[in-house]
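Order of the sequence lines sets the chain letters (A, B, ...), proteins ahead of strands, with each chain counted from 1.
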2 protein chains.
Amino acid sequence: MEAGRRRRGRSTKDSADLKVEILRAATAEFSTKGFDGARMDAIARRAGVNINLVYHYFGNKDALFVAVMEAAYLTIRTYHNDINLRALDPEAAMSELVRSTFRLFSDNLHIIGLLSSENMHEACHIRQSEQIRNLYNPLLDFIGETLARGVAEGTFRSGVDPVELFITISAQSYFHLSNRHTLGFILHRDLTSAESLAARQRHVVEVILSFLKHQARNSSDA
Amino acid sequence: MEAGRRRRGRSTKDSADLKVEILRAATAEFSTKGFDGARMDAIARRAGVNINLVYHYFGNKDALFVAVMEAAYLTIRTYHNDINLRALDPEAAMSELVRSTFRLFSDNLHIIGLLSSENMHEACHIRQSEQIRNLYNPLLDFIGETLARGVAEGTFRSGVDPVELFITISAQSYFHLSNRHTLGFILHRDLTSAESLAARQRHVVEVILSFLKHQARNSSDA
DNA sequence: CCCTTTATTAAGTATTCACTTAATCTTTGG
DNA sequence: CCAAAGATTAAGTGAATACTTAATAAAGGG
């Protein structure tokens, strides 16, 4: 397999591959064990490299985790796909945003483990990344503009806070997966089966769209 | 403070207090550090006892965590307060259930840390507790019955799955807190301020109630 | 008032783990 | 074709950590 046993001193092209492989291994380890449960030597073993290569490329455990988080956030923002939704009418744009957010987490369970661990650490790693800090600004702009368009054409209610809506969409797509093990146990139901996921996606879209389209009697009365 | 330095061989009454104190310390440590980040000697120090007393009472780290989780789940079910909501009309009952679930997590942030860690461990600890396994059955019954009453009197849409609704209510009350650190960073907003929490609670109630009261064109077309 | 039981502690121990030191092997630019 | 730089590894090291052994102190029943 793979040209036999690894040998010392390989080309920069090969070593770039190794770096990617280490990152993949680290992502798997961190997302399933959490930062504290993850072991550096387990990452090296997963990647099939000597443990010191991990230190050579990434410095230390914290820096490696930061690198993993940066890649994860790029995946997240790619999935949102908001750039391609600007052309749609408000209702279609919103339901597509919900669907793509839902897909984001179902397709990338590892992101949930990473976020969960990072929140246990009070976001101390991503705080070091200026790249991540402003990653969501375009998405919030998109949500705000789409809401405004919907209000203007009379399909959406007014007074909805874009940030609040974003949290609601994410919550509905995230919680049933982040808590799938405890929920599965107390609800006596597997929440990760294909049917269960499909049913939940339908439910989530319906919840959010019926909220947006509902003309509230007393919404946003500060 | 507390009759000076602790002495050996105290009465069973005092020692029951110590056991409670250890449990409180363990709850604080586990919820802020996670199972893997938590340190047994930190728990002993927090409780002000010798570390071996922790082992004497609880056996080992895993068993201690199980004890903490059992206490947490009792708190959870107490907050839901579903027993006292059965008397209300469907709409009031549902909005109260949302509010009490919301309060549950805002008032008990430690529960979020515990659940997060337990899910990272695939619920391996609570699985050992038969006490927890069926704790939610009455709540799901309550939700199912309240939905049926609402449909019968014409205020609620039909075809809503009680389990799905429960997850939605919990998700909306949980996610903004479980992910408060990463969200706070990327959204440039403090989600734990009193005003922010009040605004979110209003939003959450409105989202769920407008979903339930919306007469969907094509809901639950399985 | 003794003796069993329970509470509490002191002082280890074995292991795990993040990280380091220092060497060797390969490639590649000059 | 040599030398510097980079890739890769072997073999530690010191601190942290879950847990144990074994001793002591007091309570409380008979």
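Phe58(B) places its CZ atom 16 Å from the C1' atom of dC19(D), with the value rounded to the nearest Å. Counting to the nearest Å, the C1' atom of dA11(D) and the OH atom of Tyr55(A) are 15 Å from each other. Distance, His56(A) NE2 to dA18(C) P: 20 Å, rounded to whole Å. Across the protein-nucleic acid pair, Asp41(B) atom CG and dA18(D) atom P stand 7 Å apart, rounded to whole Å. Taking atom CG of residue Asn60(A) and atom P of nucleotide dC17(C), one finds them 17 Å apart after rounding to whole Å. Separating the NZ atom of Lys19(A) from the C1' atom of dG6(D) is a distance of 13 Å, rounded to the nearest angstrom. Rounding to whole angstrom units, CG of residue Asn52(B) and P of dA25(D) are separated by 17 Å. Rounded to an integer number of Å, the gap from Ile43(A) CD1 to dC17(C) P is 12 Å.
In summary, of the residues considered (Phe30(A), Phe35(A), Phe65(A)), a side chain to side chain contact (heavy atoms under 4.5 Å, CB included) with Glu118(A) occurs for Phe65(A) alone.
Formation of a donor-acceptor pair under 3.5 Å by the Asn50(B) side chain with backbone atoms of Asn52(B) is found in this model.
Toward the 5' end of DNA chain C, the nearer of the two residues Asp62(A) and Ile51(B), judged by each one's closest nucleotide, is Ile51(B).
At a threshold of 4.0 angstrom between heavy atoms, the contacts of Ala42(B) with the nucleic acid are absent. Backbone-only engagement by Ala38(A) is indicated by non-hydrogen atom pairs under 4.0 Å involving sugar-phosphate atoms exclusively.
Checked against a 6.0 Å centroid threshold, the rings of Phe175(A) and Phe175(B) do not count as neighbours. You'll find the ring centres of His188(A) and Tyr136(B) outside the 6.0 Å limit. For His176(B) and Phe166(A), the gap between ring centers reaches or exceeds 6.0 Å. Note: His203(B) and Phe211(A) meet the aromatic proximity criterion, with ring centroids under 6.0 Å apart. Checked against the 6.0 Å centroid criterion, the rings of His80(A) and Phe142(A) do not qualify as a close aromatic pair.
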Produce the list of close N/O pairs, under 3.5 Å, pairing protein atoms with atoms of nucleotides 14-16 of chain D; give distances to one decimal.
none

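At least one side-chain nitrogen or oxygen of Asn50(A) sits closer than 4.0 Å to the OP1 or OP2 atom of dA10(D).
For Tyr57(B), counting side-chain heavy atoms from C-beta on, the closest listed nucleotide (dA18(C), dA7(C), dT9(D)) is dA7(C).
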